Protein chains: 4
Amino acid sequence: MADTRPVRRQARGERRIAEILDAALGLFAEVGYDAATTNAIAARAGISPGSLYQFFRNKEAIAQALSERLVEGTRKAHGAAFADRPVAGLPLDELIDLMLDPLIEFNVSNPGAKTLFGNTDMPAQLAAATRPLHEAVTRRVTAVITARAPHLAPAAAERTATVVVQIVKGMMPPVVAADDDERAALVTELKRVIRGYLAPLEDTPA
Amino acid sequence: MADTRPVRRQARGERRIAEILDAALGLFAEVGYDAATTNAIAARAGISPGSLYQFFRNKEAIAQALSERLVEGTRKAHGAAFADRPVAGLPLDELIDLMLDPLIEFNVSNPGAKTLFGNTDMPAQLAAATRPLHEAVTRRVTAVITARAPHLAPAAAERTATVVVQIVKGMMPPVVAADDDERAALVTELKRVIRGYLAPLEDTPA
Amino acid sequence: MADTRPVRRQARGERRIAEILDAALGLFAEVGYDAATTNAIAARAGISPGSLYQFFRNKEAIAQALSERLVEGTRKAHGAAFADRPVAGLPLDELIDLMLDPLIEFNVSNPGAKTLFGNTDMPAQLAAATRPLHEAVTRRVTAVITARAPHLAPAAAERTATVVVQIVKGMMPPVVAADDDERAALVTELKRVIRGYLAPLEDTPA
Amino acid sequence: MADTRPVRRQARGERRIAEILDAALGLFAEVGYDAATTNAIAARAGISPGSLYQFFRNKEAIAQALSERLVEGTRKAHGAAFADRPVAGLPLDELIDLMLDPLIEFNVSNPGAKTLFGNTDMPAQLAAATRPLHEAVTRRVTAVITARAPHLAPAAAERTATVVVQIVKGMMPPVVAADDDERAALVTELKRVIRGYLAPLEDTPA
DNA sequence: GATGAATGAGTCTTCATTCAT
DNA sequence: GATGAATGAAGACTCATTCAT
């Protein structure tokens with residue numbers, strides 16, 4: 001009765017897993033984490049409740065896997081964008097575009113993502129499951145900031161990253177919810193905010 | 001005009017209600033909305049579950065009442081701050097202090113408030129209950145912005161307010177969670193962000 | 001969400017608890033521990049599933065409380081029987097009657113008791129819950145044996161007690177299941193067994 | 001007479017069955033009947049859940065087959081012991097050794113056996129499946145007793161057998177659980193009990 | 001015969017809500 | 001108004017069993 005189940009992760013399993021995560025993401029977007037019942041997730045994924053547990057030990061594990069997929073998803077998007085570009089040498093505007101555009105696009109096409117990423121106050125269970133996501137994102141942003149403003153003390157760099165991340169998180173729900181025109185306008189504002197916040201840091205040499 | 005009894009007759013009821021809302025706020029802060037059971041709220045308020053339902057139709061009504069109390073609370077704080085001050089004539093720095101300081105103080109001493117105000121993705125039930133809070137806050141900010149930058153189109157003013165509000169919301173959880181020193185640093189950053197965002201709007205005359 | 005529920009135990013509660021334990025005992029007798037669902041226990045007790053959990057934290061707690069009631073029940077029966085009698089001075093036959101008769105009567109009128117007491121191989125959960133019962137009974141028998149055969153080493157006395165207890169346990173199911181005549185015959189045999197086993201020990205002085 | 005294939009064709013099947021029964025026995029010993037899931041049995045037997053059901057209609061059938069194997073196992077052990085010995089002419093001590101030693105050895109090396117044999121109160125399903133085992137054992141003991149004490153009425157002989165069997169059952173769990181030294185001591189006691197119980201019957205001629 | 005993914009009824013437990021006192 | 005026992009509909013999760021491959 002211990003916990004020795006391997007939790008299948010092969011072959012056809014991968015597709016199933018993806019379907020389950022899609023279903024969970026959709027439900028999270030619609031009703032939130034707590035109200036998204038595992039039975040409902042299974043039903044939306046087109047499988048039985050029992051099958052769901054063949055792939056995930058419990059509900060928290062779904063959130064966790066989803067988190068990881070989000071980290072991975074944005075990392076890929078960012079990776080592609082930054083390929084062969086020296087972060088340090090980019091104009092700030094361009095850097096912001098490269099960082100935000102894929103992130104926004106990802107959140108718009110996965111509206112449930114904000115439950116995991118954009119949420120600022122969540123059940124303890126969810127918080128534990130998504131902490132790695134938060135930390136990964138914050139770490140990435142900290143790295144960029146450190147590269148651009150090397151004179152900043154580590155604590156200051158991390159705080160700056162936190163501020164940026166929280167701003168983006170805060171803006172995500174209205175951005176995702178808005179129609180195309182309003183979204184474009186909101187994104188413009190968001191970028192203006194970020195630029196206005198980061199620009200002075202870069203100008204201040206040691 | 002003849003019947004002035006209700007005012008006093010409900011005096012005790014008012015206190016009960018306040019106790020319930022305090023209990024709910026505390027529990028929301030500690031475990032979140034879903035995990036805060038009505039029985040636990042009643043227990044913390046020192047009453048029986050049955051009594052709780054004499055004051056609130058259901059759990060959602062508690063969130064709603066709490067929302068209203070928060071609107072009222074921050075309105076009062078702001079009202080006191082702005083008393084006899086022409087919003088339009090204030091230096092931007094001072095305006096930001098006047099708006100944020102009471103809000104932050106309120107959230108710090110009521111950490112549960114972020115569940116209702118700072119949360120960016122919540123169960124449908126909660127979202128419905130707290131919409132009035134969001135709208136009231138956004139309306140107030142819109143009014144200030146319109147007063148300071150009268151050249152802005154109404155839609156732009158409202159969007160600007162939304163951005164400000166979402167930034168503040170996003171920053172609230174880390175601000176509330178931080179220790180005193182880090183909190184001060186974070187608040188400084190937050191104010192810098194807001195100032196950087198609003199300053200250009202005010203300088204641009206029609 | 002910790003475990004601070006007092007688990008009511010007063011006034012009307014006592015009757016409820018008794019009803020629940022009766023229901024559990026009956027069901028244990030009929031279908032065994034695992035197959036006795038908490039919902040079935042509640043139904044038989046004439047209450048809802050939710051109510052059951054107002055009195056018992058979980059299924060295991062029911063078994064535990066039942067165990068304690070059995071210890072208490074047999075202790076009372078024995079207590080009454082032994083009142084003012086010097087265990088050491090009693091003829092062996094009489095002692096055996098005094099020990100077994102109440103025990104058998106108790107098990108016959110509570111056929112579920114053998115699930116907790118007479119069972120020799122049980123789910124881990126049940127085993128944990130009933131260990132105190134086993135230990136209490138063995139301790140009591142050890143005390144009697146030590147009083148009657150003071151020359152026995154402690155380990156030997158305890159082993160002797162274990163043997164007696166296991167014999168009685170083993171005999172309980174057929175005794176309980178038999179009709180009146182057959183039961184009388186089985187009890188006669190059982191007493192013969194016990195007497196034959198204990199008699200030599202008492203004759204052997206230091 | 002023409003078709004002798006089945007015997008060999010099922011050779012591999014026989015091994016599979018044996019492996020499944022071994023797995024079940026082990027699991028029964030470790031966690032009990034209810035907690036021993038069919039999937040776990042299959043896994044321990046090194047086959048898939050589906051394959052298990054090609055050999056056994058359901059879980060109960062496994063218990064039943066295991067019962068039969070135990071009957072067979074002890075019958076063989078006893079058969080070997082009694083070979084060419086006139087049961088009626090043996091000294092009682094020797095008879096008891098011949099009957100108990102193989103049984104104890106068998107249970108010690110198959111600790112799961114007590115779930116089927118030593119258990120005195122089991123789920124209805126299990127009880128049905130193991131009744132043949134109980135009856136076979138009791139029948140065998142009855143036969144021995146009848147042979148040694150022919151003056152006993154059939155009902156008395158059977159009752160005596162029941163008593164002996166239940167005593168042995170009751171002692172099996174502590175015997176199996178004890179370490180070597182304590183086990184030897186317990187077995188000595190057990191044999192003393194049985195001898196003390198049976199001796200008088202043999203001495204009393206009609 | 002073998003596989004293992006899939007099933008879905010059923011288990012324990014929780015909790016918003018009601019109601020007799 | 002107050003109480004707190006009672007309710008019962010779910011929810012997360014399990015497991016004996018089936019079936020397509």
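In what follows, every chain begins at residue 1, and chains take the letters A, B, ... in the order their sequences are listed. None of the values given here were measured: they were computed from a predicted structure.
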(request) Select base, sugar-phosphate, or nothing to describe what A:Thr37 touches, counting heavy atoms under 4.0 Å on all strands. (result) sugar-phosphate
(message) Does a side-chain N or O of A:Arg16 approach OP1 or OP2 of E:dA6 to a distance below 4.0 Å, or not?
(response) yes
(request) Starting from P on E:dC15, measure out to OH on B:Tyr33 and report it in whole angstrom. (result) 14 Å
(request) Round to a whole Å and report the spacing from CG of A:Asn39 to P of E:dT7. (result) 13 Å
(request) Find the distance B:Arg15:CZ to F:dA2:C1' and express it as a whole number of Å. (result) 15 Å
(request) Can you tell me the distance, in whole Å, between the CG atom of B:Leu52 and the P atom of F:dG4? (result) 14 Å
(message) Let's see if you can work this out: which of F:dC13, E:dT13, F:dT18 has an atom nearest to the side-chain heavy atoms of D:Pro49?
(response) F:dT18
(message) On a heavy-atom basis, which atom in C:Ala29 and which in C:Pro111 lie closest, and how many Å separate them?
(response) CB-C, 3.6 Å
(message) Please report the distance, rounded to the nearest Å, between CD in B:Gln54 and P in F:dA2.
(response) 6 Å
(message) For a quick test of reading the model: is some side-chain N or O of C:Ser51 closer than 4.0 Å to OP1 or OP2 of F:dT7?
(response) yes
(message) By the 4.0 Å heavy-atom rule, please label A:Asn58 as base, sugar-phosphate, or nothing.
(response) sugar-phosphate
(message) Show the nearest heavy-atom pair for residues A:Ile41 and A:Ala36, with the distance to one decimal.
(response) CD1-O, 4.1 Å
(message) How close do B:Ala129 and B:Ser67 get, counting heavy atoms only, and between which atoms?
(response) O-OG, 3.6 Å
(request) Grab the CD1-P distance between C:Ile47 and F:dA6 for me, whole Å please. (result) 7 Å
(request) Name the residue closer to the 5' end of DNA chain E, choosing between B:Glu60 and C:Ala40 according to the nucleotide with the nearest heavy atom. (result) C:Ala40
(message) Regarding B:Arg69 and B:Glu72, does a basic nitrogen lie under 4.0 Å from an acidic carboxylate oxygen?
(response) no
(request) Would you mind reading off the distance between A:Arg57 atom CZ and F:dT14 atom P, rounded to a whole angstrom? (result) 10 Å
(request) Just call it for B:Phe55: base, sugar-phosphate, or nothing, with non-hydrogen atoms closer than 4.0 Å on any strand. (result) sugar-phosphate
(request) Return the nucleotide paired to F:dT21: Watson-Crick means purine N1 to pyrimidine N3 with N6-O4 or O6-N4, wobble means G-U with N1-O2 and O6-N3, both under 3.5 Å. (result) E:dA2
(request) Starting from the 5' end of DNA chain F, give me the residue, B:Ser48 or A:Gly50, whose nearest nucleotide shows up first. (result) B:Ser48
(request) Check whether any side-chain N or O of C:Ser51 sits under 3.5 Å from a backbone N or O of C:Ile47 as a donor-acceptor pair, and report yes or no. (result) no
(message) Between P on E:dC15 and OH on B:Tyr53, what's the gap in Å once rounded to a whole number?
(response) 12 Å
